[in-house]
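Every chain is numbered from 1, with letters handed out A, B, ... down the list of sequences.
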Amino acid sequence: MNIRPLHDRIVIKRIEEEQKTAGGIVIPDSAAEKPQRGEVVAVGNGKPLDNGEVRKPEVKVGDTVMFGKFSGTEIKVDGEEVVVMREDDVLAVLG
Amino acid sequence: MNIRPLHDRIVIKRIEEEQKTAGGIVIPDSAAEKPQRGEVVAVGNGKPLDNGEVRKPEVKVGDTVMFGKFSGTEIKVDGEEVVVMREDDVLAVLG
Amino acid sequence: MNIRPLHDRIVIKRIEEEQKTAGGIVIPDSAAEKPQRGEVVAVGNGKPLDNGEVRKPEVKVGDTVMFGKFSGTEIKVDGEEVVVMREDDVLAVLG
Amino acid sequence: MNIRPLHDRIVIKRIEEEQKTAGGIVIPDSAAEKPQRGEVVAVGNGKPLDNGEVRKPEVKVGDTVMFGKFSGTEIKVDGEEVVVMREDDVLAVLG
Amino acid sequence: MNIRPLHDRIVIKRIEEEQKTAGGIVIPDSAAEKPQRGEVVAVGNGKPLDNGEVRKPEVKVGDTVMFGKFSGTEIKVDGEEVVVMREDDVLAVLG
Amino acid sequence: MNIRPLHDRIVIKRIEEEQKTAGGIVIPDSAAEKPQRGEVVAVGNGKPLDNGEVRKPEVKVGDTVMFGKFSGTEIKVDGEEVVVMREDDVLAVLG
Amino acid sequence: MNIRPLHDRIVIKRIEEEQKTAGGIVIPDSAAEKPQRGEVVAVGNGKPLDNGEVRKPEVKVGDTVMFGKFSGTEIKVDGEEVVVMREDDVLAVLG
């Protein structure tokens with residue numbers, strides 16, 4: 001995927017989790033809440049600071065991250081749905 | 001197009017995409033949502049910082065960029081519709 | 001017009017454009033939206049920065065500029081209607 | 001008038017303008033909108049900056065200035081109505 | 001009164017003014033608006049700045065000051081009603 | 001009480017005042033407004049500044065302070081009710 | 001638990017307290033308010049400052065902390081419920 005997020009943004013591909021109700025019934029994608037977990041597929045150059053420097057991003061391509069339910073903007077690139085968000089919206093890096 | 005956006009603003013020409021419904025019916029422009037993809041046609045001198053310096057823009061004329069649905073202001077220049085927005089409203093550069 | 005806008009403000013004289021409906025009917029001034037284009041007739045000394053310096057304005061008297069619909073404050077000077085706004089409300093310089 | 005506005009505030013005495021309707025009828029003070037023009041009667045020491053310095057005011061006593069409709073606070077000093085506002089609320093200096 | 005306001009706060013004792021209606025009737029305290037004039041009875045050490053320094057207050061004990069209608073917090077100290085506010089809420093020093 | 005408030009926070013134990021109506025009737029605790037006066041029982045290391053330094057708190061353990069009605073968060077520690085607030089929410093130090 | 005919170009965030013495992021009504025009846029988990037006390041299980045690298053440096057966190061893994069009712073975001077990691085929040089949302093460290 002040929003995309004470079006701007007400044008301190010990153011691009012994440014959501015990791016689908018098979019969601020089951022307590023009774024074991026698989027919840028179809030459309031009804032389930034969107035997963036808040038995904039893989040980082042692109043990172044920007046970093047956040048431009050007021051003193052003219054740029055702060056490198058802490059996350060890197062390939063990291064599995066968790067993020068808030070309402071974070072980021074959904075976009076389609078080469079037919080694939082991804083989420084673009086500020087690095088600071090990432091809650092944590094897993095693994 | 002002879003226009004110089006001020007400070008950290010850039011001017012984008014939207015790239016129309018033929019939008020089809022799932023059944024293949026072409027959605028007329030008026031009904032379709034405005035594309036969030038476009039080509040950069042002009043960039044400003046950059047963002048004036050509090051320390052008196054100016055931060056050069058990261059995007060350049062000719063870049064294809066993606067931006068948020070509600071970003072920028074529509075204006076008409078030489079009869080052409082373009083969008084003027086802050087560089088920081090650009091989500092990512094494609095290609 | 002003997003007026004000096006304060007700090008980073010500028011004074012703009014709107015450029016009236018004859019507005020026609022699609023059918024060619026001229027829309028009287030009162031009904032038409034106020035033009036978002038105008039000529040800069042005065043600029044201030046510039047924006048005072050937190051470090052005590054002053055940042056010179058980028059636009060100059062005589063520039064034709066575009067600005068947002070709701071930008072600035074209408075005032076009357078020597079019987080003439082002009083708009084006073086922060087330089088940063090200017091979207092772009094034309095020509 | 002023995003008053004020293006604090007920090008970056010200034011004190012303005014409104015200049016009453018005889019307001020007439022299009023038909024030439026003089027509008028009594030109470031009905032007319034308060035004039036947004038006035039004479040500077042006192043200025044403070046200036047705006048204290050985060051680096052500990054103080055930025056001198058740009059306007060001075062005796063200047064005729066224009067300001068926004070809702071700017072400042074009305075107070076009575078020695079029986080006279082004046083307006084106290086931040087210097088930055090002044091739109092422009094006339095003459 | 002043994003009180004030290006914190007940081008950039010000051011303590012003010014309101015100066016009661018006998019308020020009369022146009023017809024000369026004295027308005028009882030409870031009905032009249034609280035006076036926006038008072039004497040400074042205590043000042044703090046000053047505003048802590050981001051660079052670690054402290055900015056000394058401009059007003060001093062004994063000054064008569066004017067302030068906005070909704071400024072500050074009413075408190076009772078040794079049975080006396082006073083107002084505690086940020087120094088920056090003071091509009092001007094009188095006399 | 002073994003508690004260390006974080007950064008620029010402090011812990012205060014409210015000082016109960018016997019509240020009487022004008023007619024001398026003692027108001028039971030539940031009905032009375034919570035006292036806005038209390039003793040400082042713990043202070044944090046101080047406020048971390050943007051330049052990496054830490055600003056020491058001005059109040060110290062044992063001070064009697066006054067604070068706003070809605071300041072701070074009530075918590076229970078070792079069965080005792082205390083209030084945790086930012087130092088800057090303290091209006092003044094008494095005595 | 002293999003999780004690294006980003007920047008100035010920390011991960012907390014809530015400490016369940018058996019909650020009883022005044023009459024000694026144990027309140028089942030679901031009805032009781034979530035405890036505002038927990039153990040720190042992971043801390044991030046610290047808060048990136050505007051001058052490019054990073055401020056180390058004050059709390060450390062193993063600390064017992066108190067936090068506000070509405071602080072942080074609930075997430076599930078390896079089947080366990082934890083809360084991710086900014087370090088600055090922690091009110092105090094106990095013990």
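Residue F:Asn51 holds its CG atom at 8.5 Å from CG of G:Leu49, rounded to the nearest 0.5 Å.
Listed in order of number, the residues of residues 83-95 of chain F that approach chain G to under 4.5 Å between heavy atoms are F:Val84, F:Arg86.
At a 4.5 Å heavy-atom cutoff, the contact between F:Arg9 and chain G is made by side-chain atoms alone. Heavy atoms of F:Ile10 lying under 4.5 Å from chain G are absent altogether.
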Pairs of donor and acceptor atoms involving the side chains of residues 72-82 of chain F, under 3.5 Å and at least two apart or interchain, shall be tabulated with distances.
{"residue": "F:Glu74", "atom": "OE2", "partner": "F:Arg14", "partner atom": "NH2", "Å": "2.5"}

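Crowding of F:Lys13 atom NZ: a count of heavy atoms from other residues, nucleotides or ligands under 6.0 Å exceeding 12.
In this structure the side chain of G:Val59 reaches within 4.5 angstrom of the side chain of F:Leu6, judged on heavy atoms.
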